[in-house]
Amino acid sequence: ADRKRRAAAVIEEVERSLSTPTALLRSIADAMVSEMERGLRGDIHSQLKMLISYVDNLPTGDEHGLYYALDLGGTNFRVLRVQLGGREKRVVKQQYEEVSIPPHLMVGSSMELFDFIAAALAKFVDTEGEDFHLPEGRQRELGFTFSFPVNQTSISSGTLIKWTKGFSVNGTVGADVVSELSKAMERQGLDMKVTALVNDTVGTLAGGRYLDNDVVAAVILGTGTNAAYVEHANAIPKWTGLLPKSGNMVINTEWGSFKSDKLPLSEYDKAMDFESLNPGEQIYEKMISGMYLGEIVRRILLKLAHDASLFGDVVPSKLEQPFVLRTPDMSAMHHDSSHDLKILGAKLKDIVGVADTSLEVRYITRHICDLVAERGARLAAAGIYSILKKIGRDKVPSNGSKMPRTVIALDGGLYEHYKKFSSCVETTLTDLLGEEASSSVVAKLANDGSGIGAALLAASHSQYA
Ligand code: ADP
Ligand code: MG
């Protein structure tokens, strides 16, 4: 009975510290909007970098020819080729390959990482079949999706600001990532030109727009989280170049680095951040994204093991190991709807090493998953709402005209596979928008839009175009 009381006390405290009432979400969204404005002014203290992508035109559907894309951003990287057939034929054929990055390369040297990538790309190019056509005398062209914050200097160049998501490669920060890749491709004897360097959010936006003309923003919920959207060029005071003909500029918000007193930061978040590769940074991302959710759950379960002997008299040593509980496992436990939570029990046995857990312990575990996932999903929805606010698509126009159909392209393994998470994002967004406005807003899964998006941007920025 004493154990139960202690468990209840911990759970109550967790519920309190992770709670995200709608009013709080609204004030977080307001804070994000004002940080967006600061970022667009170029205020160096802004929480949101609002990076200029140099993409002022999104795909139209007329893109034509053979293009490659390379997507580096998480534990896997992907290479892709696509034969584009213009307005009528659209995507004639595409092929891709996924290669996992050996963990030691994520914390090694820049040259090793880029050599590995270029070698895999060269191998992929070697398998190009008859269905793909490169006009005589032309160089192959590539869109490079690089999902880390980059100070873009043109559509096809930019320097890395910092690594995130578990990467900490020596010698890349401050370097031009396109020239790093190009040099590595040369070392592999691969003749290919990078014509577009894009963030994955920008690639997803481009890929989403190709399929649906009403896409105005893209959000990634995967290993990390980030968003990009279409801004009016004249709403970007820090843009000193010529106003683009389109009047628009895609902005990469880098919202993962958002930080605010308003964020419900618990002791578990603080400890995880402190022990991370990038303490004090990417706070919003650490509360939302796939790399971290399972780890937050682990920390709470560990607290319950210590304070309330959740897994028996001894604290299971496996549970002490950072990141043993991965978000896909958390998701599997959370979705267990069997009457005796059999799947959850098996996962606990697997991960924590405790064979016989009572039904009550399983319910507690599922409840913790629910709390952590729900907080992440609700915070993500507040972010999406803030972008809609920024571009004036959060409510029906006051002049009585109809609100235009507004589509958000979403991608990332967390959103794609964690059903309870994605449905919570959607219901929270509906709640924030209200019934009328939300009927014009669509959240759409843009599965792997970033790869095709990068290829499309490579096409529209081709040296032959
Ligand atoms: P990245 O963000 O690295 O480019 P993805 O978009 O494929 O790659 O996202 C991968 C991430 O998605 C994983 O790190 C994991 O956190 C999360 N994820 C993958 N599968 C699941 C799942 N079944 N349930 C919950 N999260 C998942
Ligand atoms: Mg990705």
Side-chain angles (χ1 to χ4, degrees), residues 69-80 96-103 105-106 113 117 143-150 163-167 197-208 218-228 252 254-256 272 276-277 282 285-298 322-336 343-344 347 350-351 366 369-370 372-377 380 409-425 445-455:
L70 191 161
D71 182 333
L72 175 69
T75 44
N76 291 309
F77 85 95
R78 293 160 34 104
V79 286
L80 170 145
Y96 75 86
E97 221 164 82
E98 209 164 275
V99 185
S100 65
I101 302 172
L105 290 183
M106 293 167 65
L113 176 67
I117 292 164
F144 182 17
T145 307
F146 185 71
S147 329
F148 300 95
V150 162
W163 289 108
T164 57
K165 297 179 285 190
F167 277 72
L197 168 65
V198 297
N199 187 264
D200 56 343
T201 54
V202 178
T204 302
L205 184 56
V219 172
I220 302 289
L221 293 161
T223 306
T225 184
N226 189 13
N252 165 14
E254 285 299 329
W255 80 12
M272 178 178 74
S276 71
L277 282 173
Q282 302 295 106
E285 173 163 277
K286 284 171 180 162
M287 302 172 90
I288 292 177
S289 74
M291 176 163 173
Y292 305 101
L293 293 183
E295 171 64 4
I296 300 168
V297 170
R298 181 194 69 85
F323 294 96
V324 274
L325 204 174
R326 297 165 341 112
T327 303
D329 296 320
M330 165 190 177
S331 167
M333 295 198 291
H334 193 175
H335 287 94
D336 188 355
I343 300 164
L344 196 154
K347 282 278 171 199
D350 241 31
I351 298 161
R366 193 174 65 178
C369 295
D370 195 34
V372 172
E374 180 175 298
R375 180 188 65 163
L410 283 123
D411 197 13
L414 179 68
Y415 186 81
E416 188 184 350
H417 301 297
Y418 200 150
K419 198 77 211 69
K420 283 186 188 286
F421 185 94
S422 55
S423 33
C424 183
V425 172
L445 178 69
N447 211 343
D448 296 324
S450 74
I452 200 104

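Every heavy atom of this structure was used, including side-chain atoms; hydrogens, water molecules and symmetry mates were not. Order of appearance sets the numbers: ligands from 1, and atoms from 1 within every ligand.
Here the protein heavy atom with the shortest distance to atom 26 (N) of ligand 1 is T327 CG2, 3.7 Å. Protein heavy atom in closest approach to atom 9 (O) of ligand 1: G413 N, 3.1 Å. Scanning all protein heavy atoms for the shortest distance to atom 10 (C) of ligand 1 gives T223 OG1, 3.6 Å. Distance from atom 17 (C) of ligand 1 to its nearest protein heavy atom, with residue and atom name: L414 N, 3.7 Å. Of all protein heavy atoms, the one closest to atom 22 (C) of ligand 1 is H417 CB, 3.4 Å.
The shortest distance between side-chain heavy atoms of L410 and L221 falls below 4.5 Å.
Between I220 and ligand 1, a contact under 3.5 Å exists for no N or O pair. In terms of polar-atom proximity, G224 is not counted as a contact of ligand 1, lacking any N or O under 3.5 Å from an N or O of the ligand.
Taking every heavy atom of G290 and a limit of under 4.0 angstrom, the matching atoms of ligand 1 come to 16 (O). Heavy-atom contacts of G412 reach the following atoms of ligand 1: 6 (O) (cutoff under 4.0 Å). The contact set between ligand 1 and S331, taken as ligand atoms under 4.0 Å from a residue heavy atom, comprises 24 (N), 25 (C).
Going from atom OG of S147 over to atom CZ of F167 covers 9.0 Å, rounded to the nearest 0.5 Å. Of the inter-residue distances, the one linking R298 atom CZ with M272 atom CE reads 10.0 Å to the nearest 0.5 angstrom.
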Checking ring-ring contact (aromatic ring centres under 6.0 Å, His included) for the pair H334/F421: CA distance, chi angles, key distance, verdict? CA-CA 10 Å; H334 193 175; F421 185 94; 9.6 Å; no

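Side chains of N226 and N252: a donor-acceptor N/O pair is present below 3.5 angstrom, by distance only. Side-chain contact check for T204 and D411: no donor-acceptor pair (N or O, by modelled atom type) lies under 3.5 Å.
The backbone N or O of K419 sits less than 3.5 Å from a side-chain atom of S422, completing a donor-acceptor pair.
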